[in-house]
Amino acid sequence: MSTSVDVELLLDRLLSASTPSDCISSLEQLQKQCRLQQSNSGQSQGDPKEKRPSQFQAAEEERQRLAIDTILASSAVLNALCSLVAQSTLPSQHDSSSKMEVEGGDVAACELLLEVLPSPPISNNDTTTNKKTSSSSGTTTTEQLQTQRQLKRRTESIAKTLLHFHETDNTKNNAMGDSTPSSSLALIPSLLDCLCASSSLQTTTTYARVLSLQILQSFLSASPGALREQLMKAPDGINRLVDLLGHGSITGGGESEESFVPEEVRNEAILFLTSLASSSSVLARLITFSEGYDRALKIALGSRGSGLSIAMDCLELCLALAHADEVSRELFLGGGDGRGNLDRLGQLVDLRRGERFRSKEKNLWWENELKRKEKEFTKADNSTENKSEKKSGGGKGSKRGKQRKDDDDLDDILRGAGATTTSSSAVTSADKPKEDAPELKADKSIEDEGPPTPYLTPNETAIVDRVFNLVLVLLYDGEYSKSEVSHTLSLTDGSRSKRRSRAKTIVSHDILSRSIVDCAMYTLPPPGVDYVSAVPSPDLQQKALTTMAVLGSIGDTTDSVHSQEDKALRMKEVKEETAVQTQLLFETMPLYLYGRVTAMERLMYLCCTGAYIPKPGGNDDGENSPEAIASNLSINAISTFCSCLPSETASRMVLHALAPPPPEEADETGAPLDLPVVSKIVTTLAENLRFLQTQQQDDTDLDMAQICRASIGAAGSAGVLGVFLSKGDGDTNREMLLRLPPPPVFDSEGSEIS
């Protein structure tokens, strides 16, 4: 009871405060009452009269519960907190029109609200931690689940009380016959007033606005339904939240002083809107109507250097909107600023924007830092292994711990700590002590090998990967995930039509489609030739190939079973499919090669080689070995070719291999057609098989790199021929392929062997 009395005295002191300092002091004392105090285990062991840690913890939890319940029971206190949050003023208890300004009252009130609202229970993602805790403490899983359920119910009850206390006051007044609306303020409008306060008036600090967003996030975790209801009731609730992202294309360009939003508030708003959109399709639609896509992509496109993490958050918001609602997906491509959205996606995917490609100094910085980390890791690994062998006879425990620490250090470099900042804020040798500064001049190995490969930084890779995910979500009607993709034959006519329309819209966007093809078909330039863009990682290139394959299959809707009853509809769909696939394979010219080759030529090269480049020394890295990477790229390229090759074109290409076209069937530029693609593939298969047969007969001097190259070439060319057999008229194609003459065989002197 003493705790309850102390809290009641503090509440009376808060409501009757005569000076701002009394108000702030009361709020700080209330915060302490709502916190759990830590037990002093040393004293409890020395004095048997002291409570044990478990008893102390239980007593503290009970004290905290009573303190929070006492605060929640006073509607006057909650109304005062709302006034402090919204305007930093404390209303008088005697005169409703009189208010006292309290400097810093908004921050103190927000901090108290965060203490009153407990943290959400542990999510399912922490099951491993829970198991470790349960095994170490001896408690059962059932007890932990019961504790989590109780905490969840408790948190939800507190959240609903805070969100609905003003409605309770109105209900009480109506029950007493008083029809006058209650003067109680609502918490959500008060938080929105704090968030959207004009910076010119200097009434709300940035910290208070960030705390307000954290309170909203806590409400969303504790009671999402109640929060959504209050946001819908609040005047312009969603619009005011989206306004924290800045102006969209309709409202105008520049931001005035009154509408300026601090970067910290904007970043926190992005995270909250992402969670909000994921929780409700209705709210996701409202965010979309408020130009959520447009504003988020503008922020992402304007992010540079260390701000790339903000760009990733913006794309996560776009993904949440696209996943949640069908109308949101339609608006991204067709409504509002849809064309501008595709323009921004094309710029985000453009490999020429890579930091290491644009800045030679940054590229050298990355190379030197990675080499230095690898050397440190090798030295530490060797020393730790020697120590562990001396201490434990070759045990691996200490080595694993040290290795994990070094891996974390290497991860810091890969995340772009210092290297992904812009030139104005980059951490270079001038900003570091001399002993820690990276050397910016090339060492002997770089002079011999040429400039380092300008790979995309990890943050840039994550941004491009999210763009591909967004495109796949749009094409798969919100059903795309890494582990499961919707099946074609289960689609309704309406869903099929929308998928096909979106695919055609994306393919018709020249910059975006060419950027996707560039990333999917990337191959390193020959030795001595300058890089023309940043280099994507193999995983990112495979994601680009998947995206291209889905575009070629018109959103995975190219099935002949669905519309076989309606021949007219099927003929129309086949015509659409052929147009899109022809544009992807034969008309899409790469950006970074200045349109010298088509996607078809590059795709055939990737199918038959996998862009294989042997590693010096021939070290086998398992799944990360050049052989494994090239094989995966070749397999994905064949799958993409199968999705993008029109059936009619497949039959015609096989026919041209058997009977070359007459001169009048030249290409658009008037030049005669080159050697047919199918003939090239057959020649590639034969040459690689002959080389492998020769190596098998003469095993005295084996070149493993050449054997791997020939194996990938043989498997890739065979896969491409399999695509020709499965496309178009299969029986006819099979007969024509069997009639193709085998390529000639030459001896060591160059004479043809009959």
Side-chain angles (χ1 to χ4, degrees), residues 228 231-232 236-253 266 269-270 272-302 311 313-349 466-481 486 491-513 516 547 550-551 554-555 557:
R228 291 194 293 264
L231 285 175
M232 296 288 288
D236 290 333
I238 300 299
N239 290 336
R240 298 173 75 182
L241 287 173
V242 180
D243 283 342
L244 297 176
L245 305 185
H247 284 306
S249 60
I250 297 178
T251 53
R266 184 201 66 186
I270 294 171
F272 174 67
L273 287 172
T274 303
S275 301
L276 199 62
S278 302
S279 68
S280 170
S281 60
V282 176
L283 293 183
R285 185 180 302 183
L286 293 178
I287 294 172
T288 304
F289 285 147
S290 300
E291 297 184 319
Y293 283 127
D294 184 30
R295 300 170 193 244
L297 290 177
K298 278 186 175 180
I299 296 173
L301 198 58
D313 293 336
C314 292
L315 289 171
E316 287 293 339
L317 172 58
C318 294
L319 277 169
L321 295 175
H323 266 298
D325 185 62
E326 178 181 342
V327 176
S328 298
R329 293 188 288 273
E330 291 296 324
L331 289 176
F332 184 91
L333 294 177
D337 196 29
R339 192 71 181 180
N341 292 336
L342 293 181
D343 290 340
R344 297 184 185 100
L345 289 185
Q347 296 179 59
L348 289 172
V349 180
R466 282 167 172 78
V467 172
F468 290 152
N469 285 338
L470 180 57
V471 172
L472 290 171
V473 167
L474 295 171
L475 292 174
Y476 276 119
D477 208 22
E479 300 176 11
Y480 171 78
S481 65
S486 60
L491 297 176
T492 62
D493 291 338
S495 182
R496 281 173 52 83
S497 176
K498 291 173 183 176
R499 286 191 181 189
R500 299 175 73 86
S501 175
R502 293 175 192 146
K504 290 186 290 184
T505 301
I506 294 174
V507 172
S508 65
H509 193 280
D510 183 63
I511 300 299
L512 179 57
S513 60
I516 293 174
T547 306
V550 176
L551 286 173
I554 324 295
T557 60

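- Under a 3.5 Å cut-off, the side chain of R344 and the backbone N or O of L297 do not form any donor-acceptor pair.
- I270 and I299 make their closest contact through CD1-CD1, 4.2 Å (heavy atoms, listed as atom of the first residue, atom of the second, distance).
- With hydrogens and angles ignored, the 3.5 Å screen pairs no side-chain donor or acceptor of R266 with any backbone N or O of L244.
- Looking at heavy atoms from C-beta onward, V282 lies in side-chain contact with M232 at the 4.5 angstrom threshold.
- The two atoms that bring T288 and S328 nearest to each other are OG1-OG, 2.9 Å, heavy atoms only.
- From L331, atom CG reaches atom CD of E291 across 11.0 Å, with rounding to the nearest 0.5 Å.
- Side chain of R502 to main chain of V471: no donor-acceptor pair is present (N/O by atom type, distance under 3.5 Å, no hydrogens or angles).
- Taking both residues in full, the closest heavy atoms of L348 and A300 are given as CD2-O, 4.0 Å, listed atom of the first, atom of the second, then distance.
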Give the C-alpha distance, both sets of side-chain angles, the deciding distance and a yes or no for side-chain contact (heavy atoms from CB on, under 4.5 Å) between L317 and L245. CA-CA 11 Å; L317 172 58; L245 305 185; 4.0 Å; yes

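- Side-chain contact between N239 and F289: absent, with no pair of heavy atoms (C-beta onward) separated by less than 4.5 Å.
- For the salt bridge (Lys or Arg N to Asp or Glu O under 4.0 Å) test, residues two or more places apart in sequence or in another chain that qualify with D325 are R285.
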Given side-chain contact (heavy atoms from CB on, under 4.5 Å), test I506 with L345 step by step and report yes or no. CA-CA 10 Å; I506 294 174; L345 289 185; over 6 Å; no

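- Residues Y476 and R499 approach most closely at O-NH2, 3.3 Å, considering heavy atoms.
- Remark: R466 engages E316 in a salt bridge (Lys or Arg N to Asp or Glu O under 4.0 Å) (not counting sequence neighbours).
- Not counting sequence neighbours, the partners of A277 by the side chain to side chain contact (heavy atoms under 4.5 Å, CB included) test are A284, I287, A320, L321.
- Taking CZ from R329 and CG from L475, the interatomic distance works out to 11.5 Å, rounded to the nearest 0.5 Å.
- Taken from OH in Y293 to CG in L470, the straight-line distance is 6.5 Å, to the nearest 0.5 Å.
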Check step by step if side-chain contact (heavy atoms from CB on, under 4.5 Å) holds for S278 and H323. CA-CA 8 Å; S278 302; H323 266 298; over 6 Å; no

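- When all heavy atoms of T274 and D313 are compared, the pair lying nearest together is OG1-O, 4.1 Å.
- Here the CG-CG distance, from L231 to L286, works out to 10.0 Å after rounding to the nearest 0.5 Å.
- With rounding to the nearest 0.5 angstrom, the CD1 atom of I511 is 12.0 Å from the CD1 atom of I516.
- L551 and A503 get closest at one heavy-atom pair: CD2-O, 4.2 Å.
- Atom CZ of R500 sits about 12.5 Å away from atom OG1 of T505, to the nearest 0.5 Å.
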